[in-house]
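Structure, as structure tokens:
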Amino acid sequence: MSGPAPVVVMGVSGSGKSTVGTALAQRLRVPFVDADTLHPRANIAKMAAGEPLDDDDRFPWLDRVGEWLAAHRRGGVVSCSALKRKYRDQLRGHCPRVEFLHLAGSPALISGRLAARTGHFMPAALLRSQFDALEPLAADESGVTVDAGREVDAIIDAFLSGRTP
């Protein structure tokens, strides 16, 4: 199968997934989707009410994300938290070639970004639950971890130079 592998830009809320994902898709000249747009309304309402999602909430959403990846096997970028290994495994079940770009940042960096963000359904109060759930990429997972505090172009350059050819 030709073309670049689809990429999931992952990390906690406020790590820069949408910003980096959009720029990466432009650089690669492939489609982009923010997985937040694939959440069922019930998930958005739950998060907006300050309640963290549980696995029962996430699994149907991850199936939607995985279906998008499968439809873009020749290249595409999606921003998706993908915090746990089992979530990434679920995505790989739809699209085995998927690669991950993990935007890693300190709680201080991310909470500062969330405090400055307006108009998003994810409240800053849920950030701790995201850090608690986060399982960084394992050595056997195809992907690259990059410091979320870097400039967007530097993040993309680091990912592209570190990814599997």
Side-chain angles (χ1 to χ4, degrees), residues 1-48 51-105 110 120-122 126 129-146 148 152-153 155-165:
M1 185 174 298
S2 62
V7 177
V8 172
V9 181
M10 62 168 280
V12 299
S13 184
S15 61
K17 296 182 299 293
S18 298
T19 300
V20 171
T22 300
L24 177 60
Q26 288 173 349
R27 174 100 60 102
L28 296 175
R29 295 188 171 117
V30 297
F32 169 78
V33 69
D34 186 327
D36 284 346
T37 65
L38 303 176
H39 268 297
R41 289 181 191 214
N43 285 9
I44 293 171
K46 189 172 183 178
M47 288 183 284
E51 297 177 50
L53 299 180
D54 59 27
D55 287 350
D56 290 336
D57 300 319
R58 284 190 180 94
F59 290 143
W61 169 64
L62 289 167
D63 277 337
R64 287 181 178 184
V65 175
E67 289 164 3
W68 189 93
L69 289 166
H72 294 85
R73 290 181 192 271
R74 291 197 171 112
V77 176
V78 61
S79 61
C80 175
S81 54
L83 297 176
K84 294 182 180 183
R85 169 74 184 243
K86 66 181 175 181
Y87 304 157
R88 297 187 296 272
D89 288 345
Q90 186 175 352
L91 297 175
R92 276 188 288 272
H94 289 276
C95 184
R97 291 181 64 225
V98 68
E99 295 181 14
F100 294 88
L101 166 51
H102 176 195
L103 298 175
I110 305 301
H120 194 274
F121 60 81
M122 178 73 170
L126 292 181
S129 70
Q130 293 219 327
F131 272 105
D132 290 345
L134 178 63
E135 296 172 1
L137 290 173
D140 65 334
E141 292 184 271
S142 182
V144 178
T145 299
V146 180
V152 172
D153 284 335
I155 290 171
I156 293 170
D157 290 343
F159 171 72
L160 293 175
S161 67
R163 77 191 295 207
T164 306

Write down the atom of [X], the atom of [Y], and the distance for their closest heavy-atom approach.
{"X": "Gly21", "Y": "Val77", "answer": "O-CG1, 3.6 Å"}
{"X": "Ala148", "Y": "Ser15", "answer": "CB-O, 3.5 Å"}
{"X": "Ile110", "Y": "Gly14", "answer": "CD1-O, 3.8 Å"}
{"X": "Thr145", "Y": "Ala104", "answer": "CG2-CB, 3.8 Å"}
{"X": "Trp61", "Y": "Ala35", "answer": "NE1-O, 2.8 Å"}
{"X": "Cys95", "Y": "Pro6", "answer": "SG-CG, 3.7 Å"}

Within the structure provided, determine whether [X] and [Y] are in side-chain contact (heavy-atom separation under 4.5 Å).
{"X": "Leu160", "Y": "Leu24", "value": "yes"}
{"X": "Val20", "Y": "Phe159", "value": "no"}
{"X": "Leu91", "Y": "Phe100", "value": "yes"}

Revision key, fill the gap. Test side chain to side chain contact (heavy atoms under 4.5 Å, CB included), reference Arg88, set Leu137, Val8, Leu62, output is Leu137
Just how far is it from atom [atom1] of [X] to atom [atom2] of [Y], taken to the nearest 0.5 Å?
{"X": "Asp36", "Y": "Ser13", "atom1": "CG", "atom2": "OG", "answer": "7.5 Å"}
{"X": "Leu103", "Y": "Ser81", "atom1": "CG", "atom2": "OG", "answer": "12.0 Å"}
{"X": "Met10", "Y": "His102", "atom1": "CE", "atom2": "NE2", "answer": "4.5 Å"}

Point to revise | Pairs flagged by salt bridge (charged side-chain N to carboxylate O under 4.0 Å, His left out) wherever residues 21-32 is involved - sequence neighbours left out | key: Arg27-Asp153, Arg27-Asp157
**Study point:** Residue pairs fulfilling salt bridge (charged side-chain N to carboxylate O under 4.0 Å, His left out) with at least one residue in residues 57-72, sequence neighbours excluded
**Key:** Lys46-Asp57
Spell out, as yes or no, whether a donor-acceptor pair under 3.5 Å connects the side chain of [X] to the backbone of [Y].
{"X": "Glu99", "Y": "Ala5", "answer": "no"}
{"X": "Lys84", "Y": "Ala133", "answer": "no"}
{"X": "Arg85", "Y": "Glu135", "answer": "no"}
{"X": "Thr22", "Y": "Thr19", "answer": "no"}

Check your understanding: Going through the distances and angles, do Leu69 and His94 end up as a side-chain contact (heavy atoms from CB on, under 4.5 Å)?
Key -> CA-CA 7 Å; Leu69 289 166; His94 289 276; 5.6 Å; no
Practice item. Check the angle between the aromatic planes of Tyr87 and Phe59 and answer parallel, tilted or perpendicular using the 30° and 60° thresholds. Key: perpendicular
Review point. In chain order, what residues pass the ring-ring contact (aromatic ring centres under 6.0 Å, His included) check against His72, with sequence neighbours excluded?
Key: Trp68
Point to revise | Salt-bridge present (Asp89, Arg92; N to O < 4.0 Å) | key: yes
